[in-house]
Amino acid sequence: MEADGASREGAEPSPSAALSPSRPLSTTERDVWLGFLCTHLQLLRTLDRKLLDSQRIAMSSYEVLLCLAESPEGRVRMKDIASSLLISRSGLTRIVDDLERQGYVAREKCPTDARGMDAVLTAAGRTAYRRARKVHLTNLRKEFLDKLSAEQLQSLSEIWKTLGVDEPGAEV
């Protein structure tokens, strides 16, 4: 038995260790954590591959197009896109550079702050987004959503709310 009260990694902790935030994960906790990580990684890899194969758009580019398509005017401050997608500004710049070369996005000065730049969805970008959206949704359903029952989906929704993800797309 280790000093923290558990006999080995993955074993249930002893009652004395139960309140320690650094206690080893129980078997169930480990299964939940690794299942979440693996599911997320596999889903992103699959969606990225399907989008690249059919639309020549990477998942990260699709996420930028989605952000712009969902904004009322089809324009969003670059720093706000980076923040909402949890990527660096330099990482976003590379993605937007590529989308700009494809004619899907234009950069314009922010009308309310001359220091800022907006990414603006072009007509070609909106068309590309619509095509990519079909691929994304089809594969999201096939690889994840359709594998769960309505009750399981409701439970996951409640879990995300418990963890503080109250609004889809809310900053984390």
Side-chain angles (χ1 to χ4, degrees), residues 21-22 32-148 152-172:
S22 62
V32 167
W33 176 239
L34 293 178
F36 168 76
L37 291 177
C38 290
T39 299
H40 181 256
L41 181 61
Q42 288 173 356
L43 185 58
L44 287 180
R45 284 181 178 164
T46 298
L47 293 173
D48 189 57
R49 187 179 70 252
K50 297 291 187 177
L51 284 166
L52 282 169
D53 289 349
S54 67
Q55 303 300 311
R56 300 185 197 276
I57 294 176
M59 183 67 190
S60 56
S61 295
Y62 173 76
E63 290 173 330
V64 171
L65 293 176
L66 171 66
C67 182
L68 293 172
E70 289 185 339
S71 72
E73 298 172 8
R75 73 184 302 137
V76 179
R77 295 259 328 241
M78 293 280 288
K79 70 177 189 125
D80 294 336
I81 297 171
S83 177
S84 71
L85 298 181
L86 303 175
I87 57 176
S88 68
R89 289 187 189 182
S90 62
L92 176 63
T93 296
R94 286 189 295 276
I95 294 167
V96 171
D97 285 347
D98 185 49
L99 290 170
E100 216 171 12
R101 277 191 293 277
Q102 296 176 64
Y104 298 158
V105 170
R107 275 183 247 223
E108 297 178 3
K109 288 256 186 210
C110 176
T112 58
D113 181 359
R115 298 171 297 162
M117 293 296 288
D118 288 352
V120 181
L121 190 63
T122 65
R126 190 163 300 281
T127 299
Y129 163 73
R130 287 184 186 126
R131 286 191 321 260
R133 183 175 184 261
K134 289 177 184 174
V135 173
H136 178 263
L137 291 174
T138 297
N139 287 284
L140 177 61
R141 289 189 181 288
K142 177 183 172 191
E143 300 296 329
F144 182 62
L145 298 174
D146 289 348
K147 292 181 177 182
L148 301 172
Q152 290 171 319
L153 289 170
Q154 184 61 42
S155 292
L156 269 178
S157 177
E158 290 168 14
I159 289 167
W160 303 144
K161 288 175 186 170
T162 298
L163 295 174
V165 184
D166 293 330
E167 181 182 324
E171 288 190 33
V172 203

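Remember, it's a predicted structure, so these values are computed and weren't measured experimentally. Numbering starts at 1 and runs along the sequence shown.
Separating the CE atom in Met78 from the SG atom in Cys110 is a distance of 12.0 Å, to the nearest 0.5 Å. Within the model, atoms CZ of Arg107 and OG1 of Thr93 stand 6.0 Å from one another, a figure rounded to the nearest 0.5 Å. To the nearest 0.5 angstrom, Arg133 atom CZ is 11.0 Å from Leu140 atom CG. Here Arg126 contributes atom CZ and Leu65 contributes atom CG; the two are 10.0 Å apart, rounded to the nearest 0.5 Å. To the nearest 0.5 Å, the span separating CG on Leu66 from OG on Ser61 amounts to 12.0 Å. Note that OG of Ser54 is 11.5 Å distant from NE2 of His136, once rounded to the nearest 0.5 Å.
Thr46 is not listed as a side-chain neighbour of Lys142, based on a closest heavy-atom distance of 4.5 Å or more. Under the 4.5 Å side-chain criterion, counting only non-hydrogen atoms from C-beta, Met117 is not in contact with Glu108. Residues Arg89 and Leu92 have side chains not in contact (no heavy-atom distance under 4.5 Å, counting atoms from C-beta outward). Between Leu68 and Ile81, the closest side-chain pair of non-hydrogen atoms falls below 4.5 Å. Residues Leu85 and Ser60 are not in side-chain contact: their nearest non-hydrogen atoms beyond the backbone lie 4.5 Å or more apart. By the 4.5 Å heavy-atom criterion applied to side chains, Gln152 and Lys147 are not counted as neighbours. By the 4.5 Å heavy-atom criterion applied to side chains, Lys79 and Ser83 are not counted as neighbours. Taking the side chain as every heavy atom from C-beta outward, Leu41 and Arg45 approach each other to under 4.5 Å.
Taking all atoms of both residues into account, the shortest heavy-atom contact from Ser88 to Gly91 is OG-N, 2.9 Å. Of all heavy-atom pairs spanning Gly103 and Ala124, the tightest one is O-CB, 3.6 Å. Of all heavy-atom pairs spanning Thr39 and Gly35, the tightest one is OG1-O, 2.7 Å. When all heavy atoms of Val76 and Ser71 are compared, the pair lying nearest together is CG2-CB, 3.6 Å. Between Leu43 and Glu143, the shortest heavy-atom contact is CD1-CB, 3.9 Å. Scanning both residues, Tyr104 and Ile57, for their nearest heavy atoms gives CE1-CD1, 4.2 Å.
Side chain of Asp48 to backbone of Leu44: no donor-acceptor contact under 3.5 angstrom is found.
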>> Go through it in stages, so that I can follow the logic: the residues are Asp113 and Arg77, the test is side chain to side chain contact (heavy atoms under 4.5 Å, CB included), and I'd like the CA-CA distance, side-chain angles, deciding distance and then a yes or no.
In response: CA-CA 10 Å; Asp113 181 359; Arg77 295 259 328 241; 3.5 Å; yes
